[in-house]
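Contents: one structure, followed by commentary.
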Amino acid sequence: MTDTKTKLAAKLKSRQARMAVLGQGYVGLPLAVVFAQAGFEVTGIDPDASKVEAILRGESYIGDVASDELAPLVKSGKIKASTDFSLLKEADAVSICVPTPLRKTGDPDLSYILEATEDLAQHLHTGMVIVLESTTYPGTTRELVLTKLEEVSGLKAGEDFFLAFSPERVDHGREDWTTINMPKVIGGITPACGEMAALWYGQALESVVPVSSTEVAEMAKLLENTFRMVNIGLVNEMALMCDRLGVDVWEVIEAAATKPFGFMKFTPGPGLGGHCIPIDPLYLSWKLKSLNYTARFIELASEVNTNMPRHVVDKVQDILNEAGKSLNGSRILVLGAAYKPDVDDVRESPALDVIGLLREKKADVSYHDPFIAKIDQDDWALESITDLNAGIGDADCVVIITDHSQYDYEAILDKAKLIVDSRNALGEAGRDNPKVVRL
Ligand SMILES: NC(=O)c1ccc[n+]([C@@H]2O[C@H](COP(=O)([O-])OP(=O)(O)OC[C@H]3O[C@@H](n4cnc5c(N)ncnc54)[C@H](O)[C@@H]3O)[C@@H](O)[C@H]2O)c1
């Protein structure tokens, strides 16, 4: 072991290494908490002053982190937070957990990774270990992060500092698999980089899965998310085909799922949502385009999934039509705005598209979501209705978009005039019911 590696390894093993986490969002804050609980001193750095102030007050704004968990760590000094990037110069170990959204054009927006890397490059020093966690296309860590860090600092990865990629896989809202026990794939720029990153993460996380390179780690995450996106696309297309055939897709899926092997159950819905599944595979297809290759499964699944909100709106139009009403002017109540049940996350939620399309067709739209008080979009803003019973009774049609577990579906079925159920939330009770249309 070189002297640099030996010293860093000792600091990591004794948990004396000072840690910084760039980005204190859904990924960065839980990571900071887990490492602080393992004994590290962690500084969360984020340009968003309101997040930093909340952390300093010991108040969590992330559903997966309880304030009761965060507050004692802040009080004991294990977790600090700041908007000051110069604190990076004191850090031995830095995780980068910044956003990787898409631009309006559908291309990857790497500006957050670039900015974070530039800030880090100013303060990079010998004996630092860095892990990029943000989901991105294969090659990002080597082509963008490594190049910038070495160019600005004059230091060499694998000798002076250590750089790796480790994809975040946490499923927001889930309690059985969380940051601490989710197996963590880690690939380094060099074997020494991978080794140091795995040593660091292994101090706080239960299971570390070393792979041979940053590219393998980057691609593994994209395989996972593409797998989900493509299978959801497939089952959504099944729903469209069953609709034409007059066959109940939900019964078909349950029947297929009785096969003890070789089949994995996915369910159709109003479209993809969340920060990962609708976006990450498009990072891969974008990269492949630059290599003259079309990622056909991704493109096709994306097309099918993107059209699902329109299909739901067609169903609303059809059921109103049957009742002699037009969508124009009808009162439509959208139930659930979050992208999945029981979370407060509305990012990329199909509810946004469904509401937008209904509004375009001049419906009088309201929504209810126990977790999302208001929605602000470029061209519209709505607040969740507060009196759910009255809202259901008033609506010409209720559209179930998110099957939150706290809804009383029996009561909804009883009260509503018409229902479009895009999640089979009503189950058997919605089947063959003249006032219900299922996906
Ligand atoms: N949310 C999830 O469940 C999840 C799961 C797996 C992977 N990921 C990936 O993890 C990454 C982070 O996602 P997230 O959900 O935590 O995003 P987020 O938007 O919740 O948090 C990102 C934070 O980074 C901050 N930030 C922006 N620029 C910064 C900079 N230059 N330096 C420091 N901080 C900066 C933002 O203010 C924000 O607080 C993304 O690449 C995402 O695809 C997210």
Side-chain angles (χ1 to χ4, degrees), residues 19-34 42-55 60-65 81-88 91 94-103 108-123 130-138 140-141 144-145 148 165-175 177-179 182-185 217-218 220-229 272-284 286 338-340 342-349:
M19 220 179 119
V21 180
L22 285 176
Q24 288 294 282
Y26 287 94
V27 170
L29 184 60
L31 193 75
V33 166
V34 163
V42 189
T43 303
I45 302 181
D46 200 297
D48 184 339
S50 66
K51 285 189 178 152
V52 166
E53 283 156 19
I55 296 172
S60 172
Y61 43 85
I62 298 290
D64 292 344
V65 174
S82 179
T83 55
D84 180 2
F85 285 79
S86 74
L87 293 176
L88 284 169
V94 181
S95 301
I96 305 176
C97 309
V98 297
T100 43
L102 291 176
R103 295 188 189 283
D109 177 359
L110 290 166
S111 61
Y112 298 94
I113 293 188
L114 283 170
E115 272 172 41
T117 305
E118 270 160 27
D119 280 317
L120 183 55
Q122 306 298 324
H123 305 289
I130 298 149
V131 169
L132 176 64
E133 294 234 356
S134 305
T135 310
T136 182
Y137 64 80
T140 308
T141 314
L144 295 186
V145 182
K148 177 61 75 186
F165 181 83
S166 178
E168 176 52 57
R169 307 162 117 178
V170 147
D171 184 14
H172 186 34
R174 201 175 179 120
E175 288 175 6
W177 293 102
T178 61
T179 304
M182 179 69 77
K184 203 83 171 89
V185 171
E218 290 162 335
K221 169 75 184 177
L222 294 174
L223 171 59
E224 291 164 20
N225 284 3
T226 303
F227 173 83
R228 280 192 63 75
M229 181 211 222
L272 290 182
H275 191 29
C276 292
I277 311 295
I279 294 175
D280 303 346
L282 302 181
Y283 267 67
L284 183 57
W286 175 86
Y339 80 88
K340 65 176 184 176
D342 306 331
V343 300
D344 62 357
D345 195 343
V346 77
R347 291 181 295 179
E348 312 293 326
S349 172

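For reference, positions follow the sequence shown, starting with 1. Every number for a ligand or one of its atoms is a count from 1 in the order of the listing.
- A salt bridge links Lys340 with Asp171; the closest basic N to acidic carboxylate O contact falls under 4.0 Å.
- Residues Glu218 and Thr140 bring no donor and acceptor atom of their side chains to less than 3.5 Å of each other.
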Legend entry - Audit row: Thr117, Ile113, side-chain contact (heavy atoms from CB on, under 4.5 Å) steps and yes/no: CA-CA 6 Å; Thr117 305; Ile113 293 188; 3.9 Å; yes
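- Formation of a donor-acceptor pair under 3.5 Å by the Arg169 side chain with backbone atoms of Pro183 is found in this model.
- Residues with a heavy atom under 4.0 Å from ligand 1: Leu22, Gly23, Gln24, Gly25, Tyr26, Val27, Ile45, Asp46, Pro47, Asp48, Lys51, Phe85, Cys97, Val98, Pro99, Thr100, Tyr112, Glu115, Ala116, Ser134, Thr135, Glu168, Val170, Lys221, His275, Cys276, Arg347.
- Between the side chain of Tyr283 and the main chain of Pro101, a donor-acceptor pair closer than 3.5 Å is present.
- Here the closest non-hydrogen pair linking Ser166 and Val185 is OG-O, 2.8 Å.
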